[in-house]
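Just below is one structure, and these are the notes that go with it.
Side chains included, hydrogens not; waters and symmetry mates left out as well; all remaining heavy atoms used.
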Amino acid sequence: AKPRESTAKPRESSAGRQSAVPKSAKASKGEDVLPEVEEEASSADHTPQPGDAGYQPCTLPLPADAAVSLAPVWFVTEEQYISTMKRVFSEVRTLREEALRHLHEQQSSFRAFLVRPDHKQEFVSAFQQSFNEFADDMRPDEETKAELHKRVADLKEKLWDICDSRKDEAETERKAIVGDQWLEDQLGLLANLHVLLMQAEVDRHVETRGLLTDYYCCLKGQPLAERELGPLLSVIDLSGEQVQAEKPDSAKKKPKDKRASDMPKDQDSSIPLVGRPFSLEGYETILGTQGGTALALVTVPQDPRLRVKAQEADTAKPAAAKKGGKSSAVPAPAETQPTPEELAAKSKQEELDAQLAAADLELYRGLEAENARFRARINMILEVGRRIMTDVRERTQKLYADMDEWLGSRFQSEMQCVDVLCKVAQTAIEEEQKLPYELLVEDTQLVLDQTVRLFAPDQRPPSPPPQESAGPDEFTVQQIQMLVRTFTELAPQHMLPAVSFAHALLALAADNNTSHILPSSWTALTLSQAQNIAPRLSPYAGEIDWRLFVVCALDLPPVSSMAELAAVASQFKDLGDTVSAERVAQIRFWFERNEAAEANPKCFNRPAAAKQVLHTLFNGNWKHLLYALCRQEDPAHGLELAYQLTCLLQNKSSESNVVDPDVLYSTLAAGCPRNAQFTLDFFKQKVPLRDAPTLPGLVHGSLPSPFDRVLRNTFGAFSPKKVLS
């Protein structure tokens, strides 16, 4: 019995702590509170009470047969109480989980019902097919338009009828969900389960109070009083008929819940039933009523100290009356001294009276603590039960309200989809067009499926690519590309003897009527004219870089200032020595000035095509490309631009008029891309700079004529239009 007593004491002490809440605080929480007995003990009485430090408990011996009889009663009561509470707690948890799962399933099923498929697409497809059957030459006719508008109106009415029917079906489905009595059954089950919890508390309270009374009666040697059974709390009749159920730890049989029938039956008794309430809040009211019935079981024990004072008062009244009456003639007998035996018996009787008083006081305090624990437990069950029932009720009512909102929103979306479909058809009627792509009504959206054409499109020939137009003495980009392929086959390393170059041009001119590589006016090219081209493009005697001829043949607008050249060079500077054709196409050059022509797809974009030819000529080497574009009809200006470009690339200043020989030689070598060391040695030999010349002196021809010839042949250029003049 020791372990069971140790487990029972914390529960009772917990109830004692809960009962320590003031009556005013409990009343403010809306709990059911019974009036407590006010102690009339004097404020000056500081005698230790049961449970206080220094209190001497009752030491009367308990008969062995009483202990043997009372202990099993407590063990059975405790076991039934714990098993009932655990079982009902499990039922409450299961019921709440099933309620949440049921609400989620209802939400999912109703949403799926709202988006169920329909046959609107059949009417839309049939309408679109008949709409496209009208010939194109009939669509401008007003009568045809009126007929098509009438068909659109008929389609709209049919689709609206479908939307109205779907809305009515959804409303019927929602009413069926709301009217299936599920919420009422859940609230009734929750209320009955919490009534079972209170019934278990009532049974425990009655047994505990009887056990305390029997225990102290056995201590005092008094006969045991007859036990009184606790009241049976009423449960809600969910079936509409009387139900047989168990009193202490079983639930009544419910037709919609089989869990209650699994509880063990200890004894048969009829549980009183109450009918279903008319409102959802009525279930909480019934639960509160049963809680009040349970709390009414609490009886207020009589304080033994008050009983002792009443007995003393009753004893003092006859003595006072006797003392206040007439004196008798018979004299009072003389007082005798008590014998030691009498004194011992009196002392023993006083000690016994003190033990009996202590037993009465302990019984009073025990019953008082049990009442406080019982009230706290009942109030806690009421509070938790109401909270759970309110949560289930509010969740369910919110779901029903959301269903109504989803239904209305779905109906509005479907109607808007029908309106959009009709507007598309009406727009096509007014624009005298067909509906070439399939119209799909997917959920509440109108989708134009451009992957499905309902009729073959008109076969129109593709627009021819823009053609370049050029004068009789101008090279087209296509001719330049053929010229590049021809010279690449003759001299893959780009250097060609001047004689071979002249004869190659003559051969192309002679075959120009069939090959069309040269402009039409170049057909009359003579040998002397062909031989005069090479010295203009190369300072080397007898050799020419045919790429420089191609650059001049492009006849691009020359760079006008160093600022334009520097702007292009700055875009290349961080890209390495070579760049891709795509990167060259992204960089803007100074000769791309006609933005309107470039944006017009019908115009040939010559600058863009020229950039691709330049990239091919110099294999993506942008430095050689820029030096080649520095060539001018005025060689001095070309040298000035190339010199400043070299200073820019070498991060040197070009503001000083004094020419840096190293920069000048590097500039001249870059103008004739060949073997680097050979080119530098050649220019150092041909252009000896004994004194530091000035840049104006160079460009204005102050040096001897050999330098002028080298300068002219290095950065000079020619116009294709002036070759034959």
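The minimum heavy-atom distance between Val579 and Leu575, with the atom names listed, is CG1-CB, 3.6 Å. Phe487 and Leu505 get closest at one heavy-atom pair: CZ-CD2, 4.1 Å. Minimum interatomic distance between Phe475 and Ala553 (heavy atoms only, all atoms of both residues): CB-O, 3.6 Å. Listed here is the closest heavy atom pair of Val551 and Ala628: CG1-O, 4.0 Å. Contact detail for His615 and Ala581: the closest heavy-atom pair is NE2-N, 3.3 Å. Scanning both residues, Leu114 and Arg410, for their nearest heavy atoms gives O-NE, 3.3 Å.
Around the NZ atom of Lys423, the shell of radius 6.0 Å holds no more than 12 heavy atoms that belong to other residues, nucleotides or ligands. Gln586 CD: more than 12 foreign heavy atoms inside a 6.0 Å radius.
Residue pairs satisfying the side chain to side chain donor-acceptor pair (under 3.5 Å) criterion with at least one member in residues 147-157, sequence neighbours excluded, are listed as follows: Glu147-Arg151, His149-Glu430, Lys150-Asp154.
Here Lys623 pairs with nothing under the side-chain hydrogen bond (donor to acceptor under 3.5 Å, both in side chains) rule; sequence neighbours left out.
In this structure, SG in Cys552 is found 13.0 Å from CZ in Arg547, a value given to the nearest 0.5 Å. Here the CD-CG distance, from Gln650 to Leu645, works out to 10.0 Å after rounding to the nearest 0.5 Å. One finds the CZ atom of Phe411 at 11.0 Å from the CD atom of Gln416 (value rounded to the nearest 0.5 Å). One finds the CE atom of Met415 at 13.5 Å from the OG1 atom of Thr444 (value rounded to the nearest 0.5 Å). For the atom pair NE2 of His516 and CD of Gln479, the computed distance is 9.0 Å after rounding to the nearest 0.5 Å. Note that the CG atom of Leu506 and the CH2 atom of Trp522 stand 10.5 Å from one another [nearest 0.5 Å].
A donor-acceptor pair is defined here as one N or O able to donate and one able to accept, closer than 3.5 Å; no such pair exists between the side chain of Arg166 and the backbone of Cys163. No side-chain donor-acceptor contact under 3.5 Å links Ser108 to the backbone of Glu105. Looking only at distances, no side-chain donor or acceptor of Lys120 sits under 3.5 Å from a matching main-chain atom of Leu159. Panel note: side chain Arg606, backbone Leu554; a donor-acceptor pair is recorded below 3.5 Å. Using a distance-only test at 3.5 Å, with no hydrogens or angles considered, a donor-acceptor pair links the side chain of Thr144 to the main chain of Met138. A donor-acceptor pair under 3.5 Å is formed between the side chain of Gln529 and the backbone N or O of Thr526. In this structure, the side chain of Gln644 does not engage the main chain of Met562 through any donor-acceptor pair within 3.5 Å.
Taking the side chain as every heavy atom from C-beta outward, Leu629 and Val559 never approach each other to under 4.5 Å. Side-chain contact between Arg174 and Phe113 is absent, with no heavy atoms from C-beta onward closer than 4.5 Å. In this structure the side chain of Leu399 never reaches within 4.5 angstrom of the side chain of Phe110, judged on heavy atoms. The closest side-chain heavy-atom distance from Leu614 to Leu556 is below 4.5 Å. Counting only heavy atoms from C-beta outward, the side chains of Met403 and Leu407 never approach each other to under 4.5 Å. Looking only at side-chain heavy atoms (C-beta outward), Trp546 and Leu617 come within less than 4.5 Å of each other. Using a 4.5 Å heavy-atom threshold, the side chains of Asp136 and Lys434 count as touching. Within the 4.5 Å cutoff, the side chain of Val568 has heavy atoms near those of the Trp590 side chain.
In this structure, Arg139 is positioned above the aromatic face of Phe131, its NZ or CZ under 6.0 Å from the six-membered ring centre and within 45° of the axis.
Using a 4.0 Å cut-off between charged nitrogen and carboxylate oxygen, Glu414 and Lys167 do not count as a salt-bridge pair. Here Lys145 pairs with Glu432 in a salt bridge; the nearest charged N to carboxylate O distance falls below 4.0 Å.
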### Query
Step by step, would you call Leu626 with Leu649 a side-chain contact (heavy atoms from CB on, under 4.5 Å)?
CA-CA 11 Å; Leu626 292 182; Leu649 298 179; over 6 Å; no

#### Entry: Criterion side-chain contact (heavy atoms from CB on, under 4.5 Å) on Val613 and Gln481, from CA distance to verdict
CA-CA 7 Å; Val613 172; Gln481 294 171 347; 4.1 Å; yes

### Query
Between Leu548 and Ile544, does a side-chain contact (heavy atoms from CB on, under 4.5 Å) hold up when you go through it step by step?
CA-CA 8 Å; Leu548 303 179; Ile544 183 177; 6.0 Å; no

### Task
Let me see the working for Asp402 and Lys398 under salt bridge (Lys or Arg N to Asp or Glu O under 4.0 Å), right down to the final yes or no.
CA-CA 6 Å; Asp402 290 343; Lys398 182 179 183 301; 3.0 Å; yes

### Task
Kindly indicate, with the supporting measurements, whether the criterion side-chain contact (heavy atoms from CB on, under 4.5 Å) is fulfilled by Leu421 and Leu155.
CA-CA 10 Å; Leu421 172 62; Leu155 174 65; 4.2 Å; yes

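Between the side chains of Gln121 and Ser125, at least one donor-acceptor pair of N or O atoms lies under 3.5 Å.
Between Phe501 and Phe549, the ring planes lie perpendicular to each other; the angle is over 60°, past the 30° to 60° tilted range. Aromatic ring pairs are classed by plane angle as parallel below 30°, tilted from 30° to 60° and perpendicular above 60°; the pair Phe589 and Phe591 is parallel. Using cut-offs of 30° and 60° for the angle between ring planes, the Phe618 and His624 rings count as perpendicular.
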